[in-house]
S.K.: 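Structure incoming, see below.
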Amino acid sequence: MADAKSRNRRISGRGDASLAKKIAVVLRSLWARGEGKFALVVLALWLVVSLVSLVWTPQSLWTTDGYHVWAKPSAAHWLGTDGTGSDVFSWLMAGARTNLLIAVLAVALAGVLGMALTAAMVSRSAAVSGVAVVVVDALISIPTVLIALILAVPMGASVAVIVIACGIGYGLNLARIARPQALLAAGSDYVDSALANGASWFSVLMHHIMPNTMPTMTVQLSLSAGTAVLAESGLTYLGVGVPSGVPSWGHSLATSVKFIDVYPLTVLWPGLIVTVVVVALNVFGDALRDAVDPVANPALREVA
Amino acid sequence: MRFVIQRFLLFVAALLAISVVIFAALRVLPGDVATVMAGLNSPPGRVARLRAQMGLDKPFVAQYGDWMGGLLHGDFGKSLLTGRSITSTVAMRASITFPLIALGLVVALVVGLSLGVAATLATRPAARSCFHFFGIVGGSIPALWGGLLLILLFSKGTGLIGIFPSQGFPEGGWHDFGGALASLVLPALTVGIIDGASLMRYTRSALGDLLSSGYLDQAMACGYTRRQAVLKVGLRLAMPQLVSVVGLMFAGMVTGVMVIENLFALPGIGSGLVTDLGNRDLIAVQSELFMLAAFFLAVGFVVDVLHRLLDPRLKSSLEGGR
């Protein structure tokens, strides 16, 4: 405990000027490990493919090749074509950006909601913290897919349904996990002394309490990104996720399902891509756990 | 006892809150079931008559009151579309979904606990990496894809080693016990293996923490071998933590089950809900969503109480112990 407290003291109270340096150190520590390397390469590829797909895909998404339905992989169609003669590879490339967008937005929403709830739970007003704790405890066991189905009733199938449902679900989870650390920090000597020196509660919250939850939040958000990619494929298949006509990996997977008996090969690619990306995000999260921990990663302590 | 009562009140409050959320979400729906039933080009009077017939023209609060009143009596109302009692429809669907969840859970527990213990005890680097690989990759596979892979391998007729049926549920339902069970094997394996991989990671990390904590050193000093210490002392000590994980896993499993029911054409709650949603069958959808939410809130309640009872450190706060 004493060790954890002194560690917290070391992290908190640092200016944001060193944030870029810290990120550089964390990335370097990740790169030093085999698994971290794999994760960084996959995630970088994901980003690059998403950006490239905005300006170029091997074949246009909307030209269907009626003469080459269910074509085998060839020079023109790298992974073959689907039942309408669309190029499988191009759709997967374009799907990358939809999934990236969903993951980023869901994680951003979850982060904001999780931080707000965490801040509310350590509030000095008993009413605010009480309500926040009850809300989190009560809703934490509602599955994300249920939130998505409720949202889909008024909203129909849309990217927003996935983003909002995942954001709410993962945000609640985040708050529950970060709460003990926030409470520990809120009850610490340095918070007392900052308050005694006349700092406002808000500034104490921003400078001393929330920074202590950042390592946990970062790791958890990285894992949530993986869950969001999985959720996309499930919800899209159920008809409440990405609407038809919008490229996404879940969309590619769902359309190939209908023809599994006849063209099992087309099922392989979208599932494989989702799995590799989710593995990368999970590995990234796990590796991040050590990389952002100043005790396990001494290099981080050097950044003043 | 105080904790249990407090937690129960929280459960009831959450139940009420979620019922209001579900009810409200369904009222802002654009095209309602009356419009769908009457047809797109029907005269406006006909839609209005249908709405009145179904009680859709009453004020929100009155509709909510009717619905809740029915729920308290165990009556979920009638489907707006088919006119059949929702209670019996849901009961029929639940007779597929709950056995599926239970089977999936059994597979997950068997896979997760046994592999978790094996991974903790494994000493050879090759074996350790194998377990590590399975834990990470198994938990990252989309349920839909996992199900498809199992179909490609084991489905009767088209699979490489065709043993199990992969589409539908027998006509006779559970009267055809063998057939019903066989049709649930592949779906249950799909959800079970995916969740089992995650459970394995948790089991291994919980046992690993214990191994370095001194509790197991003490057990080994008392004459247990490493294996005995992990199995007899470690598992018991890790139990409270694992119960919480299984509880959360349970909520996650519902996503898998909904997808899997659709993939394997099982007429359970998950696939039924998707159909009713498409049909805009308001009353059916809201009752089914509420039932599912209630189920998961209840699981959360039970898990929290179990966690308290199993963890001796938390027990002191219970009046008079167990």
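All values below were derived from every heavy atom in this structure, side-chain atoms included, with hydrogens, water molecules and symmetry-related copies excluded.
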S.K.: Are more than 12 heavy atoms from other residues, nucleotides or ligands located less than 6.0 Å from atom CZ of B/Phe8?
M.R.: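 No.
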S.K.: Treating B/Trp145 as the side-chain partner and A/Trp269 as the backbone partner, does any N or O pair qualify as donor plus acceptor under 3.5 Å?
M.R.: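 No: the side chain of B/Trp145 does not pair with the backbone of A/Trp269.
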S.K.: Quick one: what part of A/Val240 sits under 4.5 Å from any heavy atom of chain B, side chain, backbone, both or neither?
M.R.: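 The answer is the side chain of A/Val240.
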S.K.: Could you tell me the separation between the CG atom of A/Leu149 and the CG atom of B/Asp276, rounded to the nearest 0.5 Å?
M.R.: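 Here the interatomic distance stands at 11.5 Å.
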S.K.: Using non-hydrogen atoms and a 4.5 Å limit, figure out which bit of B/Leu277 sits close to chain A: side chain, backbone, both or neither.
M.R.: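 The side chain, not the backbone.
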S.K.: Over all heavy atoms of both residues, which pair between B/Pro142 and A/Thr275 is shortest? Give the atoms and the distance, please.
M.R.: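 Between these two residues, the closest heavy atoms are CD-OG1, 3.4 Å.
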S.K.: Could you tell me which portion of A/Glu232 (side chain, backbone, both or neither) has an atom closer than 4.5 angstrom to a non-hydrogen atom of chain B?
M.R.: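 Neither part; nothing is under 4.5 Å.
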S.K.: Does any part of the side chain of B/Arg201, heavy atoms only, come nearer than 4.5 Å to the side chain of A/Asp286, both counted from C-beta?
M.R.: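 A side-chain contact under 4.5 Å exists here.
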S.K.: About how many Å separate OG of A/Ser256 and CG of B/Leu144, when rounded to the nearest 0.5 Å?
M.R.: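 The OG atom of A/Ser256 is 7.5 Å from CG of B/Leu144, to the nearest 0.5 Å.
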S.K.: Can you tell me how far the CG atom of A/Leu146 sits from the CE atom of B/Met258, to the nearest 0.5 Å?
M.R.: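 The CG atom of A/Leu146 sits 6.0 Å away from the CE atom of B/Met258.
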S.K.: Below 4.5 Å from any heavy atom of chain B, which atoms of A/Leu268 appear? Answer side chain, backbone, both or neither.
M.R.: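 Both parts, heavy atoms under 4.5 Å.
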S.K.: Output, in order, the C-alpha distance, side-chain angles, deciding distance and verdict of side chain to side chain contact (heavy atoms under 4.5 Å, CB included) for A/Leu253 and B/Leu148.
M.R.: CA-CA 10 Å; A/Leu253 192 51; B/Leu148 285 170; 4.2 Å; yes
S.K.: Look at B/Leu149, B/Asp304, B/Leu263 and state which one has the largest set of heavy-atom pairs under 4.5 Å with chain A.
M.R.: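 Ranked by contacts with chain A, first place is B/Leu263.
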S.K.: Is B/Leu15 close to chain A through its backbone or its side chain, or both, or neither, when contacts mean heavy atoms under 4.5 Å?
M.R.: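 The answer is neither part of B/Leu15.
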S.K.: Please flag which part of B/Val299 lies under 4.5 Å from any non-hydrogen atom of chain A: side chain, backbone, both or neither.
M.R.: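 B/Val299 has no heavy atom closer than 4.5 Å to chain A.
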S.K.: Counting only heavy atoms not in B/Phe290, do more than 12 sit closer than 6.0 Å to its CZ atom?
M.R.: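 Yes, CZ of B/Phe290 has more than 12 neighbouring heavy atoms, counting only those of other groups under 6.0 Å.
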S.K.: Kindly give the heavy-atom pair with the smallest separation between A/Leu230 and B/Ser140, and that separation in Å.
M.R.: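 Result for this residue pair: CD2-O, 3.5 Å.
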S.K.: So what's closer than 4.5 Å to chain A heavy atoms on B/Ala293: side chain, backbone, both or neither?
M.R.: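 For B/Ala293, heavy atoms of backbone and side chain both lie under 4.5 Å from chain A.
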S.K.: Pick one of side chain, backbone, both or neither for A/Ile150, based on which atoms fall under 4.5 Å of a heavy atom in chain B.
M.R.: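 For A/Ile150, backbone and side chain are both near chain B.
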S.K.: Can you tell me which portion of A/Leu272 sits under 4.5 Å from chain B's heavy atoms? Options are side chain, backbone, both or neither.
M.R.: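 Looking at A/Leu272, backbone and side chain both touch chain B.
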